[in-house]
There are 2 protein chains.
Amino acid sequence: MPKPSTRPVSQHCLDALALLGQLIREARLANALTTSDLAVRAGISRSLLQRIERGDPGCSIGAAFEAAVICGVPLFELDARLLSDRLGRQKEKMVLLPKSVRSVSRKVNDDF
Amino acid sequence: MPKPSTRPVSQHCLDALALLGQLIREARLANALTTSDLAVRAGISRSLLQRIERGDPGCSIGAAFEAAVICGVPLFELDARLLSDRLGRQKEKMVLLPKSVRSVSRKVNDDF
DNA sequence: TTTATATGGTTTATTAATAACTCAATTATT
DNA sequence: AATAATTGAGTTATTAATAAACCATATAAA
């Protein structure tokens, strides 16, 4: 028996997870899919899909996103057509950013 | 040594995961946070944060969302202020939906 | 109302994620 | 160019997620 997860999660994060779960459930019903149907299509178990719809933070993000994608829940308000384009533009932006950061105050001069 | 995950994940899903990871990384750098900094604030290990930024589908959704929230990546294009409101409205919508669905063709009459 | 199906909530064995560490390579600053 | 810090990637022990049962309840259709 696995111990229940003890990782602290902020309320805002729990809210976002709950919303995603509800959106998936709503989209599933709108497409007239049973939990079993969607689980099979997503390649996951029905019990895992139930936890995803409940907004369980312990689910793998791959499973949750797959379920969302299959029943048409837009991730980041982007549809499939725009996603790859945005990925490319994002990469270009990243090139302009520093590869790493340093602490602003790194050595205090206190020999006086 | 745990076997590598074998769950199939669609390309669209992988793209969405990669985008989220890049957005988190960009936001982290914009806030001048090291991977260690953000990991500590999110209550996760640095190695897990690295996987999240890489878009690994096996990460827990709670860990990924927490990291995103902390460095200000908007989930579902919603900020914290609007999220709880939308959660409420979503619940109201759900009440109007059927609680379960049935297969359309459920019994074929083939005794003739 | 009856019947068949979907769902919610358990349990347990198996599988994979996670934390903590190490080390090499990059990167930013002086 | 030298130095110090960040990052990337790999390893292993521990912990938790997942799949697959099961059953009770709720739900939709006849």
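No experiment lies behind these values; they were computed from the predicted model shown. Convention: sequence-line order gives letters A, B, ...; per-chain numbering from 1.
Rounded to a whole Å, the CD1 atom of I61(A) is 16 Å from the C1' atom of dA16(C). Atom-to-atom, CG of L17(A) to P of dA17(D) comes out at 13 Å; the value is rounded to the nearest Å. Atoms CG (D56(B)) and P (dG10(D)) sit 13 Å apart, rounded to a whole Å. Between the P atom of dT15(C) and the CD1 atom of I44(A) lies a distance of 19 Å, rounded to the nearest Å.
Across all strands, R7(A) comes closer than 4.0 Å only to sugar-phosphate atoms, never to a base (heavy-atom distances).
Of the candidates dA19(C), dA20(D), dA17(D), the closest approach to any side-chain atom of S47(A) belongs to dA20(D).
In the displayed structure, K99(B) atom NZ is contacted under 6.0 Å by more than 12 heavy atoms of other residues, nucleotides or ligands.
When atom types are taken as modelled, the side chain of N31(A) and the backbone of L33(A) share no donor-acceptor pair closer than 3.5 angstrom. Judged by distance alone, with hydrogens and angles left aside, the side-chain atoms of E66(A) form no donor-acceptor pair with the main-chain N or O of G43(A) at under 3.5 Å.
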Check nucleotides 6-8 of chain D against the protein and report each pair of N or O atoms closer than 3.5 Å, with its distance, or say if there are none.
{"unit_1": "dT7(D)", "atom_1": "OP1", "unit_2": "R28(B)", "atom_2": "NH1", "d": "2.7"}
{"unit_1": "dT7(D)", "atom_1": "OP2", "unit_2": "T35(B)", "atom_2": "N", "d": "2.7"}
{"unit_1": "dT7(D)", "atom_1": "OP2", "unit_2": "T35(B)", "atom_2": "OG1", "d": "2.9"}
{"unit_1": "dG8(D)", "atom_1": "OP1", "unit_2": "R25(B)", "atom_2": "NH1", "d": "3.1"}
{"unit_1": "dG8(D)", "atom_1": "OP1", "unit_2": "R25(B)", "atom_2": "NH2", "d": "3.4"}
{"unit_1": "dG8(D)", "atom_1": "N7", "unit_2": "R46(B)", "atom_2": "NH1", "d": "3.4"}
{"unit_1": "dG8(D)", "atom_1": "N7", "unit_2": "Q50(B)", "atom_2": "OE1", "d": "3.1"}
{"unit_1": "dG8(D)", "atom_1": "O6", "unit_2": "R46(B)", "atom_2": "NH2", "d": "3.0"}

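When all heavy atoms are compared, the tightest approach of L49(B) to A67(B) is CD1-CB, 4.2 Å.
Residue S60(B) has a polar side-chain atom (N or O) positioned under 4.0 Å from OP1 or OP2 of dT18(C).
Residue I44(B) holds its CD1 atom at 6.5 Å from CZ of R7(A), rounded to the nearest 0.5 Å. Distance check: I70(A) CD1 to H12(B) NE2 gives 11.5 Å after rounding to the nearest 0.5 Å.
Projected onto DNA chain C by closest heavy-atom contact, L48(B) and P98(A) fall at different nucleotides, the more 5' of which corresponds to L48(B).
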